[in-house]
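The structure under discussion appears below in the form of structure tokens.
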Amino acid sequence: MQFQTSKFQSNWQQLVKLPTNLSKPKPLFFINLFPALTFNQTRRLQSPQLPNAQIQTKARESESEKSKPERVRGMKYVLVTGGVVSGLGKGVTASSIGVVLKACGLRVTSIKIDPYLNMDAGTMSPFEHGEVFVLDDGGEADLDLGNYERFLDVTLTRDNNITTGKIYQSVLEKERRGDYLGKTVQVVPHITDAIRNWIESVSLIPVDGKEGPADICVIELGGTVGDIESMPFVEALRQLSFSVGQDNFCLIHVSLIPVLGVVGEQKTKPTQHSVRELRALGLTPHLLACRSAQMLIGVTKNSKTPSYETEEPVDEGAPEDREQSTTGKPLLENTKEKLSQFCHVPVDNIVNIHDVPNIWHVPLLLQNQNAHNAILKQLNCVSIAAPPNLQEWTNRAETYDNLTDSVRIALVGKYIGLTDSYLSVVKAVLHACIACALKPSIDWIAASDLEDDCAKSAPQAHAAAWETLRNAACVLVPGGFGDRGVEGMILAAKYARENHIPYLGICLGMQISVIEFARSVLNLERANSEEFESNTPNPVIVFMPEGSRTHMGSTMRLGSRRTFLQAPACIISKLYHGATYVDERHRHRYEVNPEAIDRLQEAGLNFLGTDESGKRMEILELRRHPFYVGVQFHPEFKSRPGRPSALFLGLILAAVGQLETYLKKHHNGS
């Protein structure tokens with residue numbers, strides 16, 4: 001509410017019998033009661049500016065407001081929260097919401113909030129939190145940022161991933177500098193203001209290659225409503241919703257609707273409690289996204305908590321299990337009415353996101369239930385949005401559903417126990433297979449099961465691992481850290497090299513191929529990496545001189561780096577369409593020993609890509625082999641639906657014997 005200051009001031013002066021020509025300075029209580037700025041504006045000016053926010057909020061806001069039409073001024077926020085249990089698929093839901101809004105002609109950006117105290121995901125074990133997704137600017141982020149980039153085709157920054165560690169560090173640094181002018185630093189208002197300012201600043205960063213900020217920022221709050229560690233974020237988001245106004249804030253709550261196997265009834269009580277908890281914290285959902293298991297009606301004995309966020313449209317299980325997982329049933333009308341009554345959400349704003357054959361169907365589910373209309377109405381954007389055009393997504397989803405031929409890929413890794421550890425790798429394989437009209441069938445092989453020691457301790461697992469490897473059409477060795485399973489990876493690389501099986505080694509996988517080649521071809525039996533054997537007499541992989549041996553976080557060679565291709569006639573150059581250089585994302589602290597390069601190349605291991613210095617090896621290719629490639633970078637992070645990574649495409653084409661035909665066709669310009 002804005003006061004008409006002059007009129008109100010005159011009345012107040014008459015009441016207390018003060019002269020009308022009262023000059024400044026005014027009494028302190030008068031200034032506080034009738035400020036020139038609103039309360040929220042004053043708080044914002046007093047709030048800490050964050051060290052990583054790459055922009056000046058006020059200047060960017062001013063420029064963006066001038067450049068936008070009157071009808072779309074002001075950033076609008078869509079907040080996605082989760083309740084009942086974790087792992088429901090908030091990341092895919094948030095990404096799909098962004099897809100639908102983008103299909104309506106709006107520009108979308110994304111922010112992921114992770115309430116853990118870590119500065120970022122870089123020092124976490126993949127078993128703990130899934131893969132670490134690397135961004136162009138070197139940020140090591142939560143895997144959901146990979147979902148955002150792939151779904152929305154955007155390039156995010158490290159600041160798009162907010163953690164408790166980042167927030168507290170920014171506030172404590174300002175406290176040490178004395179920026180709070182002797183104030184007692186508290187969670188409210190200092191931490192919550194820092195969170196709000198971070199969100200408002202980062203939401204203005206362009207991520208789609210266009211000038212100016214996006215129209216809508218989709219925010220995903222990690223964890224589950226009620227978690228202690230997320231409380232400051234919930235309070236900050238409550239304040240944000242109040243400060244930006246109801247027409248600029250939409251809350252979507254993702255919750256579980258379980259079905260009891262005995263009675264087959266859709267139960268709403270868990271969602272009711274979750275929404276009640278959310279409302280007690282000052283946030284009321286505008287939409288409910290109800291997740292359901294495979295069968296909402298007629299539950300099978302194998303039904304379980306839905307988890308399409310980690311499900312891949314990849315052949316990984318028995319046919320009968322896959323058939324059940326593709327069957328979803330909508331919420332019953334009486335279930336929706338009960339949710340509406342007890343959660344204070346209109347029936348039309350309750351959408352059901354059941355399990356689907358592949359996650360490309362999720363945006364279509366939202367569109368078919370008119371979720372976009374409910375969001376646009378809440379954000380007062382109906383008049384500026386076009387009907388959603390999701391024909392490309394429809395074609396992509398249906399194309400995959402109708403594929404019949406498949407290709408088997410042996411993925412030999414260290415973190416097989418959690419497939420999210422290789423989420424981007426699996427997505428890149430999927431994108432490449434779809435481009436080749438194939439369904440990917442990934443055979444997960446624990447590298448340690450291939451080792452000779454396993455033959456003694458677990459002979460059945462050892463035999464099964466080798467049988468799986470021999471039945472695969474190609475071998476993929478992704479990145480990793482530590483010496484566990486390394487000898488098994490070396491054996492897999494040797495098998496692929498000697499038997500002319502297409503091989504792609506990524507980061508550690510490239511280093512593995514160098515170690516194996518040095519041992520088997522150069523007869524350096526003790527050849528190894530300094531990471532695994534610090535005193536090896538033949539260090540073919542060495543620690544990079546610019547790395548840190550005392551600190552782990554953000555000390556690797558990270559982010560997008562340029563690799564220069566040295567041989568235009570090589571397979572890699574042709575797959576990159578004759579480019580002289582490529583920009584790919586890196587995450588490593590070890591490299592091929594420059595002193596071993598000449599000897600390796602003389603024996604037939606060609607290094608065809610280097611960094612700008614020409615001394616750091618980035619790409620290797622084996623002569624007289626259909627496809628034996630190693631890369632120091634991570635091509636999976638830039639793979640997109642409809643735009644697969646060139647290296648993954650080459651691997652799949654080689655696996656089905658079509659690589660040479662593809663390269664000739666491209667070389668002829670057809």
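In what follows, residues are counted from 1 in the order of the sequence shown.
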Tell me every residue that passes salt bridge (Lys or Arg N to Asp or Glu O under 4.0 Å) with Glu140, counting only those two or more places apart in sequence or in another chain.
Arg587
Using 30° and 60° as the class boundaries, would you call the ring planes of His625 and His500 parallel, tilted or perpendicular?
parallel
Minimum heavy-atom distance between Ser513 and Leu620, given as atom pair plus value
OG-CD2, 3.6 Å
Considering the options Leu403, Val656, Asp405, Leu649, which one meets the side-chain contact (heavy atoms from CB on, under 4.5 Å) requirement together with Cys436?
Leu649
Which pair of non-hydrogen atoms, one from Glu584 and one from Pro635, has the smallest distance, and what is that distance?
OE1-CA, 3.7 Å
Side-chain H-bond candidate by donor/acceptor type, His462 with Glu451, under 3.5 Å:
no
Do Arg589 and Glu531 have side chains that approach each other closer than 4.5 Å (heavy atoms only, starting at C-beta)?
no
For the rings on Phe151 and Trp360, is their centre-to-centre separation under 6.0 Å?
no
Mind checking whether Arg643 and Asp153 have side chains closer than 4.5 Å, heavy atoms only?
yes
Can the positive tip of Lys112 be found less than 6.0 Å from the middle of the six-membered ring of Tyr148, inside 45° of the ring normal?
no
Taking 4.0 angstrom as the limit, do Glu149 and Arg640 come out as a salt bridge?
yes
Lys/Arg N to Asp/Glu carboxylate O, Asp144 vs Lys90, below 4.0 Å
no
